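Take a look at the structure set out below.
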Amino acid sequence: DLEEAFRLKGEMVERGFVLDNFTYNTIVSGLCRANRMREANGVLNDMVEGGLSPDLVTYNALIDGYSREGNIWKAFEVYNGLVMKGIKADIHTYGALMNGVCKAGKMEEARILIKEMLLHGVIPNVISYHSLCKAYCDQGNMEAAILVRDEMLERGVTPDVAFYSVLIGGLCKTGEMETSMQLLHEMLDKRLTPDEITYTTLIDGYCRIGNCSEAVMLLSQMVETGCKPNVVTYTSLICGMCQAGKMEEANKLFEEMQTINLLPNEWTYSVLINGYVNARNMQDAFRVHDELVKSGVIPNVVIWNTLISGLCKTGRVAEAVGLLEPMQSNGLMPDYVTYTTLIAGYCKSRNFHEALKLWNEMINNGLIPDAATYNALLYGYCIEGSIGEAVELLNEMMQIGISPN
RNA sequence: GUUAUGAAAUGCGC
């Protein structure tokens, strides 16, 4: 709650307190985490004007902020700046940088960074390796991800529960559930206690390969070992049931979670609605929507998009477009997924003119289409027989740096 | 007292 934090800061100043580095760093960090880098830099200036010198913690927060927003270049600029000032970078500095390069998938840079930290006498810790391993997992390079575990063991760094959860998650995403389970047992052998995230990851993995019964067994196993399932755990399971077309089971779990005081959130509701959408059961989809509103949950963009997608899939494109109004009057702007859904809906019902109108509306709203959005419109042009236009659009997407898939 | 890491939902032809 940054606004409340600012209010308190104002109150401090009013009462004559002098703000120190701790106070400023807390604020800078909060802004950086919220992706508000401009304001963070403003606060940095306030610090300097107030006669304070930003310290390592301040710079670390900035590096973290730039890394989070994918601005690696700026992150390294701050890093170089602090090195030039003679400040010694610490494990947090490198952790934030590592997080940045890894999230950007720049694996070679990540390797160089590890060398750089060793050069500066900073020993990579479990978090450094965690970022590295997660990046390999995100790329689906599970061999490299597993090698990270071996590498850290060689360097005497002990994997923790979070590290194992990442590795297990990567294997789950590639469907390698046997290896995932082996790692779970490896954790237990090492006296590491899997937590709710570890179990949820595995449950989600089994759901993804359509093995709901294993997923349910893992749920009872986690409860037996004293690990409490949370909303995410149940949402994953409900999602698995929905994908398997088991709506009755999904609803049972939906009721069950509430009996143990777990409140369904936007994600839970959207999963259920999507289940009904895939079953082409719009009546129940809207019933769940009404239920969620009644229970005080505010529908988010995904929930609206899911309903819009359902209406398109059932040939009710005009009604789908009709949801744009109530959506906006509820303070939610349609995003590029909303438009892709509607454009595809119109193209499928051979109403290319409306599709094109929506495309223009989307661009006018400042939304950036992605490959799927282009695909939807390309499809429209092609079934219109406007191959020339399609090729032109294809060139356009490549020119603005979107790779055709 | 302030700084780095992990899990779930929606869209694109066949």
Side-chain angles (χ1 to χ4, degrees), chain A residues 20-30 32-33 55-65 67-68 90-100 102-103 125-134 137 160-170 172 195-205 207-208 230-240 242 265-275 277 300-310 312-313 335-345 347-348 369-380 382-383 405:
Chain A
D20 63 4
N21 273 27
F22 281 105
T23 322
Y24 274 113
N25 288 345
T26 308
I27 293 170
V28 170
S29 158
C32 289
R33 290 186 146 270
D55 56 20
L56 182 60
V57 174
T58 327
Y59 292 120
N60 285 350
L62 285 172
I63 292 173
D64 175 47
S67 285
R68 276 177 204 282
D90 68 0
I91 191 72
H92 296 279
T93 320
Y94 289 108
L97 286 172
M98 186 63 109
N99 191 25
C102 286
K103 287 232 164 90
N125 64 5
V126 63
I127 298 180
S128 325
Y129 287 113
H130 178 126
S131 299
L132 192 65
C133 182
K134 171 125 177 45
C137 289
D160 60 8
V161 175
F163 181 88
Y164 269 104
S165 300
V166 165
L167 198 49
I168 287 172
C172 286
D195 62 12
E196 70 276 19
I197 298 185
T198 321
Y199 278 112
T200 302
T201 306
L202 283 160
I203 287 171
D204 183 60
C207 287
R208 280 179 198 281
N230 60 22
V231 183
V232 181
T233 317
Y234 270 94
T235 303
S236 298
L237 254 180
I238 293 171
C239 181
C242 288
N265 62 17
E266 302 94 316
W267 289 64
T268 323
Y269 282 109
S270 74
V271 161
L272 251 190
I273 294 175
N274 192 47
V277 163
N300 62 14
V301 186
V302 174
I303 291 175
W304 285 100
N305 287 350
T306 309
L307 289 169
I308 288 172
S309 151
C312 287
K313 282 178 176 150
D335 63 7
Y336 64 100
V337 174
T338 321
Y339 281 104
T340 307
T341 311
L342 290 169
I343 289 167
C347 289
K348 264 184 258 178
D370 71 356
T373 321
Y374 273 100
N375 289 348
L377 196 64
L378 280 170
Y379 172 71
C382 290
I383 55 172
N405 59 19

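Below, chains carry the letters A, B, ... as their sequence lines are ordered, and counting in each starts from 1. None of these values were measured; they are calculated from a predicted model.
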So, using side chain to side chain contact (heavy atoms under 4.5 Å, CB included) as the criterion, who are the partners of [X] when residues are at least two apart?
| X | answer |
| --- | --- |
| A:Y379 | A:C347, A:K348, A:R350, A:I383 |
| A:C102 | A:M98, A:A110, A:S131, A:L132, A:A135 |
| A:I127 | A:N125 |
| A:T340 | A:A372, A:T373, A:A376 |

Quiz item: Can you name the side-chain hydrogen bond (donor to acceptor under 3.5 Å, both in side chains) partners of A:T201, sequence neighbours left out?
Solution: none
Self-check item: Heavy-atom protein contacts under 4.0 Å, nucleotides 3-10 of chain B, coded B base, S sugar-phosphate only, - none
Solution: BBBBBBBB
Quiz item: How would you label the contact of A:Y164 with the nucleic acid (heavy atoms, under 4.0 Å): base, sugar-phosphate, or nothing?
Solution: nothing
Exercise. Using a heavy-atom cut-off of under 4.0 Å over every strand shown, decide if A:A372 touches base, sugar-phosphate, or nothing.
Key: base
Quiz item: Taking atom types as modelled, is there a side-chain donor on A:S67 or A:D64 under 3.5 Å from an acceptor on the other?
Solution: no
Practice problem: Let me know the distance between OH of A:Y24 and C1' of B:G1, rounded to the nearest Å. | Solution: 17 Å
Exercise. Calculate the interatomic distance between A:Y379 atom OH and B:G13 atom C1'; express it in whole Å.
Key: 5 Å
